[in-house]
Every structure is written in C-alpha cells, then in structure tokens.
Protein chains: 2
Amino acid sequence: MAVTRDDVARLAGVSPATVSYVINDGPRPVSEETRAKVLQAIKQLGYQPNVTAQNLRRQRTNTVGLVFTTIERHLTHPYFVDLLTSIGEECARHGFDLLLSPCTDRSLEQTIYERMVGGRRVAGVIVTGIRHDDARIAYLSAEEFPFVVLGRPEHNEDFPYIDVDGARGVDEAMQHLIDLGWRRIAFIGLSAELICADDRLAGYRKALERNGLPYDPRLVANMHTTEAAGHQIMTRFLALDEPPDAVLACSDELALGAMNAAQERGLVVGRDIGVIGFDDIPSAAYCRPPLTTIRQPMYEIGIRLCRMLIQIIEGKEPEEKQIVLPPTLVVRESCGAHWRQGSV
Amino acid sequence: MAVTRDDVARLAGVSPATVSYVINDGPRPVSEETRAKVLQAIKQLGYQPNVTAQNLRRQRTNTVGLVFTTIERHLTHPYFVDLLTSIGEECARHGFDLLLSPCTDRSLEQTIYERMVGGRRVAGVIVTGIRHDDARIAYLSAEEFPFVVLGRPEHNEDFPYIDVDGARGVDEAMQHLIDLGWRRIAFIGLSAELICADDRLAGYRKALERNGLPYDPRLVANMHTTEAAGHQIMTRFLALDEPPDAVLACSDELALGAMNAAQERGLVVGRDIGVIGFDDIPSAAYCRPPLTTIRQPMYEIGIRLCRMLIQIIEGKEPEEKQIVLPPTLVVRESCGAHWRQGSV
DNA sequence: TGATATAATCTACACGTGTAGACAACTCGT
DNA sequence: ACGAGTTGTCTACACGTGTAGATTATATCA
C-alpha cells in the first residue's frame, strides 16, 4: 500500500539500513554520493517514514497527552483555546504531536489516563484543573510517568508545575475596589473541588481583613464558570437584604453573567456597582462597560508547560521546575475607575 | 520496562496468542477456564496493551487528525471549542483518539498534512475553513486518504462534507432587519479566501435585491473574525458620509466589536442601529444588549462529521455524505426587535 | 471401533523501523 | 608490505502485537 523504506532502498540500490542512516542523519556516516541517491529515491517515491513503526522501534511516542474536562458540553474556560494553541505550537516546534481527549464524566477519567499512560499512547501528559487529593497525580507519580501540572499542589508535593498567583491577583483587585470606595464586595469563586478556588478565596479574605472589612458568607459562592452561573448567582446576591455594592468573579464569563444580571435590574455598572473578572478573555475588552479583570498569561504558560514536559520526557532536568507567575490587573471601566477616580 | 503480553502469558501459563485472543475476544475461541486465568494475570500485572504496537500490526491508527489554523495567536472562532469537544467525544465513543495540530503559518500547512497523512500518523482527517481551490482537498483526494470537510466545496466535487446554509441564514437575518425598518445595512464578511464568505455574501445580495435595496460596496468588508476587527471596520463605516443604520456581521466576535464601536459613539444599539451576528457563542446572550444572531449547531455538526469520518475509515459507505443544515435566527435585542416591534 | 469434524491452544511470522555486529575497502604509519 | 585504524555499507534482529497454520485433545457419527 504505502511506500516503505525497503521500496526506497530498492530504487536507490542500497540496503534499508542505509536509507535509515540518511533519514536520521546517523548513527553511521553515509557518503555524499549514496546520500544523494537515497534522497532522490525518497523524493521520487514521495516516501514518508511510518511514524507508528518509528515509535514502536524507538520505544517512545513523541506525543503529549492532554485531557480536558467538559461540564455539560461546555468547556470550563475559553482561554483554554490560548492554552491549546500555545501547547500545540510548542509541541510542533519540538517535533511532538498533541493528543487530545475530552472527559465528559469524572468516572471515565481514570480509564482515559490508563489508556494514554499504561498503553504508552503518549510520552507525557499535561494535567489541568488540579483538585484536592487529585487521583491523577497519585497515579502518574506511582507510574513514574512524565507529567507537568497547570496549578499548584495543596501541600508541598514535589512535582513540576506552573501556576498563577491567584491569591495575589484577587488581593490586588480587591484592594483596587476598596480604594475606589466599594465596601460590600461579593465573591464568585470557582468549583470548590479545585485547589485554585481555595487560593483565590484566601486572597479575598486577606484583602478584607487588611482593610478591616467583615467576611460575610452570604456574599460568597462557588460556581462552574459560565455566564449563566454568573447571572444566576448575581441575581441572588442582588435580592439580599443587604446586597453587595461590588463583585469580584473568578472568571470573565462569571463576571459577564453577573454584569448582565445587574444591568437587567437597571444598575449602571461602574457607577452603581463595581465588577471585576479574571482571565482577560477577548470579549472582556469589548463588552459594555469594558471589563476590569485579572489577566493570566495563558499563552506563555502553555509554552513553558510544554517545554518543561518535553525536557522531562527527554530525561533532562527541567531548567525551571516550579513556577508561580504574577497575574496583572487590567483596569477598564466596570470597576468604576472612571466614575470614582479620586473619589476617596 | 512496561509489562507486555508475554509477561501475562508466562504468569497465566498460556501462550502469547491465547492472551491476544482473550483481549480481542477472538478470532479464535478460548475456554472459560483459560480466559479466567488470563484475565486474572492481566489484572494482577496491571497490563495494558501497547497501542503503538497494536496500530503497527493492525495497519491502522484509530486516530483522527484535526489541523486548526490560528491567526496571530488567536483561533478564528470560539465556537471551535464546541466543535472540538463534540469531535473528541464522538471519537472516544468509537475508541478513536484525536490528534491536534495547530497551524500558525499557511506555508507550514502542507508539511503538517504530509506528516499526518503520508506518515500514516492518523487514519483520517477533518478539514475546516475550506478555501477556494483548497490544496488540502486536492492532496487528500490524490492520496485517496479518508477525510471529511466542514464546509461545502465551490463546485460540485464529490467529497463528504457538512455545512450550514450560510446564504439562507444571512438572507433570513437580512429580511428580519428589513422588516424592522432598517434600510442601509452594512455587511461584515469573513476572509475572502474562505468559500463560505462568498456563500454568505450571496445571501446578503439576494435579500437586498428582493427588497429593492441598492448594493453599496462601501458598506461591505471582509475581515478576520476578531472583536478588534469588528470594532475597526464599524468605526470606519460610521465615519462614512452616509453611514449604515444596521449591520450584519458574519461572526459574533465581529458583531461584538461592531456593537462596541457604535456604543463608543453614543449610539444605542437596537434603537439607533441594528446589529446581528453569526454563530451564537455563549457571550452573545449575555452582552448588552443581548445579541441577535444566526445560530449554527456546532456541537451536532462535530458529532456527525466525526461519525461520518469513522465510517469512511472503516470502509463503510457513510449513511449520509453531503449535508447542509439550516441555521436558526435567534432574536434578542440588538436587532431592535424590542424597540421597533410592529413599527412597519 | 475408526474416521472425521470440532474446539482449544501453540508456534511462527509479519507489520516498518532503528541499530548493533559483520564485513569490505581504503588510509596510514612503520 | 603489513597490521591497525577508519569509513561506508550490508545483514540480521528486536520493538509488541495480531493471526494464519500446525498440533493436540475431544466430540460425533457410520
């Protein structure tokens, strides 16, 4: 069917081994004359090495695995696309492929990983959305399989990761809101099972405490990150006896939904209520009013995660193993910066 | 290193072939007693078949390839995530893997395909963003390699595809705008190289013609689909001597950007200017005002595309080969339905 | 009972590649 | 002129699996 190395060898009048030496540029030398003959034959036949056979022989796959979790048919983060793009690009740069597997149900997760890892389908995996006592980490550690994690561990486990300092991001954003004069600030957090949900909540509490503001559990919620969820919880917040005068949401989607709910009730965002999001997705800059948000450098994170993993796969010690990046507060209008400039 | 079939055979006291027969449930019968012994050994050793070796032996990979194009680090459509999810899920349902490859530069595209296809890295590919005289289609056809296309061909080539009837969607949306009383309607189209750009433009012209409205080339543009581009072109439109009183954009991102530009100039969307988008991405429902848009059932499209491809890979004639789905007009507020109800 | 069909298992090889070991031709220093 | 080293090439096998052909034990029927 497809043309193989032996076909090339026959046409070029050399042995199959010589063809391999030409293709891989080693490990044995090949005379210029022979090389030219082989290259000519390869071109003439349109030969492409069979990647599966190469992988079997080399005992590695040059493939990076990524399992992404979808909740009710929706991906948890739109910035995931940035991550995917950067990981894919960095893979390509190193001659790696990217194998993607969606996970619609937590109960299937273990099976997916076992197939990828145990079946040696991939050479290493990238784990995202790390949870408390995450079974995936335990499994990969036990198998001594190469992996890197987007997000920090809870305790001080010693595996390679990159994370954004969520506590710091939230703290800075909270301070910004407080400096603008907002006092009763609600917090829309992420799913409680996620470790980063705790991290960000800690930033929220720290900022409240430092400014002598009370922590009111009625103003705090954990949600899946969709616009619908943001809308729903904000509607509930606004119906409280003492509704919040500002809200910090842990994703831009949540913030967009929350903003929408406030606007439905006739509130002017930025004047009557302050809103800050998290992630800086593209639409954050183009909604009305433009959304103040905490930016995560997802593109860069993807690149570095992937580079780290490939170094581990290739047996090198990664240059950097545990990285925590600072997020950036991007001030637009939803926080009220334009209405309240210098009002404090 | 990893445990292999021979290890299992040794432990169970049977031949390697018998282990294979148990795993694949055939093609030879195995006695219940032996099967039990083998399964026990598999469990005890935690054996997972080596997928690479299986693929080599079976001469197929059970992997679907998808190349996605990014423009300046941004993916062209956020609904792409829906597509990805559904394709991934359908793949998993059939025991297929999904191999993803980003393409940042058109010049690399051919190389990526050659590696995937010629190297037999995947069993079939899904092609998106089909262009005029698309070299990818020519290549895949010449190689007689399994593929399906998201989007229709220009002429009547006979390959399997699924598409949304863009002309019809745009036509209906235009009629809706015209019925609401808008008369000078601008059109923000997609990149001219895309076949679907023509299709949608045809719908625009058809609606104008049927309603006796003139076609003004100054009100028509082709853009990459980002909020920034929508903002930019709308700003230009509004600076014309005779600015448009409504705009139909070929993606929600373009529409969001256009809406933002109009709002910057103090226009009230829905009252002073009508806006309609395309795709129905999640934020369309949660921006202000909520965006009227032409919905594409991307999730369903992904499922059917993938199912079609797998049938072709497995040598079956696909049940349905060329499908054109109707889009749905989702009326919200940006088109002015609430302000102008019954005003004609 | 003996011939024959059937069930269960094993031995052996192929899939396409990478590379170690064997081998031939040639160079070089003495 | 001759061993030692170097360079270029080839032969042969292994990677882990699926399965055809051979082999053996068991059931069936005249």
Side-chain angles (χ1 to χ4, degrees), chain A residues 1-39 41-42 45-63 95 115-123, chain B residues 1-39 41-42 45-63 95 115-123:
Chain A
M1 187 70 71
V3 39
T4 73
R5 181 186 64 168
D6 288 15
D7 298 326
V8 175
R10 221 168 356 253
L11 178 62
V14 299
S15 76
T18 305
V19 177
S20 282
Y21 295 147
V22 172
I23 291 170
N24 303 325
D25 204 16
R28 298 285 173 84
V30 176
S31 72
E32 268 317 310
E33 189 191 345
T34 309
R35 179 188 307 280
K37 274 195 302 188
V38 170
L39 290 176
I42 287 176
L45 296 174
Y47 169 70
Q48 287 278 359
N50 182 311
V51 181
T52 304
Q54 287 183 322
N55 288 344
L56 176 60
R57 181 55 235 246
R58 291 177 177 147
Q59 291 289 79
R60 32 171 260 204
T61 60
N62 273 22
T63 302
R115 184 175 151 80
M116 274 198 177
V117 172
R120 292 291 181 270
R121 186 75 185 77
V122 300
Chain B
M1 186 71 71
V3 38
T4 72
R5 182 186 63 169
D6 289 14
D7 298 327
V8 175
R10 222 170 352 257
L11 178 62
V14 298
S15 76
T18 305
V19 177
S20 282
Y21 295 146
V22 171
I23 291 169
N24 303 323
D25 204 17
R28 299 283 172 86
V30 176
S31 71
E32 269 317 311
E33 187 192 346
T34 308
R35 178 187 309 280
K37 274 195 303 189
V38 171
L39 290 176
I42 288 176
L45 295 173
Y47 169 70
Q48 286 277 359
N50 182 310
V51 181
T52 303
Q54 287 182 321
N55 288 344
L56 176 61
R57 180 55 233 245
R58 290 177 178 148
Q59 292 288 81
R60 32 170 261 203
T61 59
N62 274 21
T63 301
R115 183 175 152 79
M116 273 200 178
V117 173
R120 294 289 180 274
R121 187 77 185 75
V122 300

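Protein chains get the first letters and strands the later ones, always in sequence-line order, with residue 1 at the start of each.
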How close or far is atom P of C:dT17 from atom CG of B:N55, stated in whole angstroms? 15 Å
d(A:K37 NZ, A:E32 CD) to nearest 0.5 Å is 12.5 Å
What parts of residues 31-39 of chain A reach DNA chain D, counting only heavy atoms under 4.0 Å away? A:S31, A:T34
Do the side chain of B:T61 and the main chain of B:A123 share a donor and acceptor less than 3.5 angstrom apart? yes
Within this structure, what is the CD1-to-C1' distance between B:I23 and D:dT19, rounded to whole angstrom? 13 Å
Donor-acceptor pair under 3.5 Å: do we get one between B:Y21's side chain and the base of D:dA20? yes
Rounded to the nearest 0.5 Å, what separation is found between the CD atom of B:Q59 and the CG atom of A:N50? 7.0 Å
Atom-to-atom span, CZ of A:R60 to P of C:dT17 - whole angstrom: 17 Å
Rounded to the nearest 0.5 Å, how far apart are OG of B:S15 and CZ of B:R5? 8.0 Å
Does a distance-only test, which skips hydrogens and angles, find a donor-acceptor pair under 3.5 Å between the side chain of B:R28 and the base of D:dG18? no
So, does B:N50 get its side chain near the phosphate of D:dT17, meaning an N or O under 4.0 Å from OP1 or OP2? no
Tell me whether the side-chain N/O atoms of A:S20 come closer than 4.0 Å to OP1 or OP2 in C:dG18. yes
What is the distance from CD1 of A:I42 to P of C:dT17, rounded to the nearest Å? 10 Å
Just checking, is any N or O donor in the side chain of B:N55 or B:R57 under 3.5 Å from an acceptor N or O on the other one? no
So does B:R58 reach the base of D:dT17 with its side chain, donor to acceptor, closer than 3.5 Å? no
In whole angstrom, what separates B:Q48's CD from D:dT17's P? 11 Å
Strictly by modelled atom types, are B:S20 and B:R28 linked by a side-chain donor-acceptor pair under 3.5 Å? no
Send over the distance from A:N62 CG to C:dT17 P, rounded to a whole Å. 16 Å
Calculate, to the nearest 0.5 Å, the distance between atoms CZ and CD1 belonging to A:R35 and A:I23 respectively. 11.5 Å
Determine the contact category for B:R5: base if any of its heavy atoms lies under 4.0 Å from a base atom, sugar-phosphate if only primed atoms, P, OP1 or OP2 are that close, otherwise nothing. base
Does B:Q54 make a side-chain N or O approach to OP1 or OP2 of D:dG16 shorter than 4.0 Å? no
Of all the heavy-atom pairs spanning B:R115 and B:R121, show the shortest one and how long it is. O-CB, 3.9 Å
Using five pairs at either end of the helix from C:dT1-D:dA30 to C:dT30-D:dA1, determine the angle between the two local helix axes and round it to 10 degrees. 50°
Counting distance only, does the side-chain N/O of B:D7 pair as donor-acceptor with the main-chain N or O of B:T4 below 3.5 Å? yes
Starting from the 5' end of DNA chain D, give me the residue, B:T18 or A:Q59, whose nearest nucleotide shows up first. A:Q59
Between C:dT19 atom P and A:N24 atom CG, what is the distance in whole Å? 6 Å
Could you tell me how far apart A:L56 (CG) and C:dA14 (P) are, to the nearest whole angstrom? 16 Å
How long is the span from the OH atom in B:Y47 to the CG atom in B:D6, to the nearest 0.5 Å? 8.5 Å
